[in-house]
Protein chains: 2
Amino acid sequence: MGKAWSVEAVAGRLGITTRTLHYYEEVGLIPPVQRTPGGHRVYDEATIARLEQILRLRDVLGYTLQEIREVMDVEDVLQGYRVQLEAGVKPEVRMDILEHSIQLLETVVAHIDEKVERLETMRQRYRERLARIEQKLAKHRNEVDEGE
Amino acid sequence: MGKAWSVEAVAGRLGITTRTLHYYEEVGLIPPVQRTPGGHRVYDEATIARLEQILRLRDVLGYTLQEIREVMDVEDVLQGYRVQLEAGVKPEVRMDILEHSIQLLETVVAHIDEKVERLETMRQRYRERLARIEQKLAKHRNEVDEGE
DNA sequence: TGAAAACCAAACGTCAACGTAAGGGTTTGT
DNA sequence: ACAAACCCTTACGTTGACGTTTGGTTTTCA
């Protein structure tokens, strides 16, 4: 069994506050955390991994907690599928599950692709401006050279 | 001279509300807008272009208004440079300005690059999961085929 | 020209995502 | 065994980015 982490330990490790951890549990982004007999929270690696994914979605994709919840719902569905698959199901069901999992993941990837594309369009705009200025500078350097 | 746009016209064109236009002016994201003798706002194309850039930064990059303000400050500096250049300055000053402009734009581009990179890392994660599932599905299809 | 439509400033409201404070239990190290 | 450090719940506070309302003014156009 993995190590047991206290709230503060997790917060430190993930670079967030204990309040955020409580909050995410409160709004259901993570399932209710294990407790000691005295009521103190005890985090396991699985929960921490989930938290890391939540934070990536928040910080890298800039998702709102609502959007993150949707992605995590997908994750939960996928997890449910894995459990079903391990339990062994009829071949057709198995294929259905795999195909649906693929669809769900493709949706997420498509979302990321769209974001990347828009960012690249934007970068292109700036790059063009840069190119224009650099050209100007080069021309200018030439003129100075010839003037000497 | 270009057309004159009313608040509502601009809001409609940009897909935002008049409140947002007022707000952006209030917090200084755009300079004070021209007014009719009666006090109604009149937007020109230059301001609208600036607003479009602000909205791109907001929607595509997901910047906060604070971050947008920083980018727009850079734009203002660049604009100041253009004015100086058109007014004609000494060659060394001209080169300094061009080089500084390049540096400012490169900072923005670098920021975008970083964002893209992190998105691509994330996409890669999902793609790998996808690949694993697809492989499973393929294997499964094979087994079904052989069984017939 | 006059009424409907658009506009104004000022100010309070809202929602997400936490921050912070209070009052009191629990764990841990010695 | 006991104090320091940590943790709990509850609940009110805060900030950003606008939404909404009010009461009055300006434009427009039939």
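Naming convention: chains lettered A, B, ... in sequence-line order (proteins, then strands); numbering from 1 in each chain.
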Applying ring pair (Phe, Tyr, Trp, His ring centres under 6.0 Å), which residue pairs with at least one partner in residues 30-70 of chain B are found, sequence neighbours left out?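 Listed once each, the pairs are B:Y63-B:H111.
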
Note to self: Enumerate the ring pair (Phe, Tyr, Trp, His ring centres under 6.0 Å) contacts for residues 9-33 of chain B, please, sequence neighbours excluded, ordered by first and then second residue.
What the structure shows: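 Non-adjacent pairs meeting ring pair (Phe, Tyr, Trp, His ring centres under 6.0 Å): zero.
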
| query | First contact, last contact: which nucleotides of DNA chain D are these for chain B, 5' to 3', heavy-atom distance under 4.0 Å? | reply |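 Listed 5' to 3', the contact boundaries are D:dA17 to D:dT27.
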
In residues 4-16 of chain B, which residues come under 4.0 Å of DNA chain C by heavy atom?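 Those residues are B:S6, B:V7, B:E8.
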
### Query
Taking only residues two or more places apart in sequence or in another chain, which ones pass ring pair (Phe, Tyr, Trp, His ring centres under 6.0 Å) with A:Y126?
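Partners of A:Y126 by the ring pair (Phe, Tyr, Trp, His ring centres under 6.0 Å) criterion come out as none, since no residue qualifies.
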
> Mind checking what makes side chain to side chain contact (heavy atoms under 4.5 Å, CB included) contact with B:T17, not counting sequence neighbours?
Replying inline: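 Listed in chain order: B:R19, B:T20.
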
### Pairs meeting criterion salt bridge (charged side-chain N to carboxylate O under 4.0 Å, His left out) with involvement of residues 52-62 of chain B, two or more places apart
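As it turns out, the salt bridge (charged side-chain N to carboxylate O under 4.0 Å, His left out) pairs with a partner in residues 52-62 of chain B, which skip direct neighbours, are B:R13-B:E52.
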
Per-nucleotide protein contact along nucleotides 13-20 of chain C, 5' to 3', at a 4.0 Å heavy-atom cut-off (B base, S sugar-phosphate only, - neither), is ----BBBB

- Item | Partner residues of B:D73 under the side chain to side chain donor-acceptor pair (under 3.5 Å) criterion, sequence neighbours left out |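 Residues passing side chain to side chain donor-acceptor pair (under 3.5 Å) with B:D73: none at all.
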
Strictly under 3.5 Å: I want the nitrogen or oxygen pairs between protein and nucleotides 26-28 of chain C, one per line.
from	atom 1	to	atom 2	distance (Å)
C:dT26	O4'	A:H40	NE2	3.4
C:dT27	OP1	A:T36	OG1	2.9
C:dT27	OP1	A:G38	N	2.9

- Query: Which pairs count as side chain to side chain donor-acceptor pair (under 3.5 Å) when at least one residue sits in residues 77-89 of chain B, sequence neighbours excluded?
  - Reply: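 Qualifying pairs, neighbours excluded: B:Q79-B:R82, B:Y81-B:H100.
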
Return the residues of residues 41-51 of chain B meeting this criterion: a heavy atom under 4.0 Å from some atom of DNA chain D. Order them by number, or give none.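 Within residues 41-51 of chain B, no residue comes under 4.0 Å of DNA chain D.
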
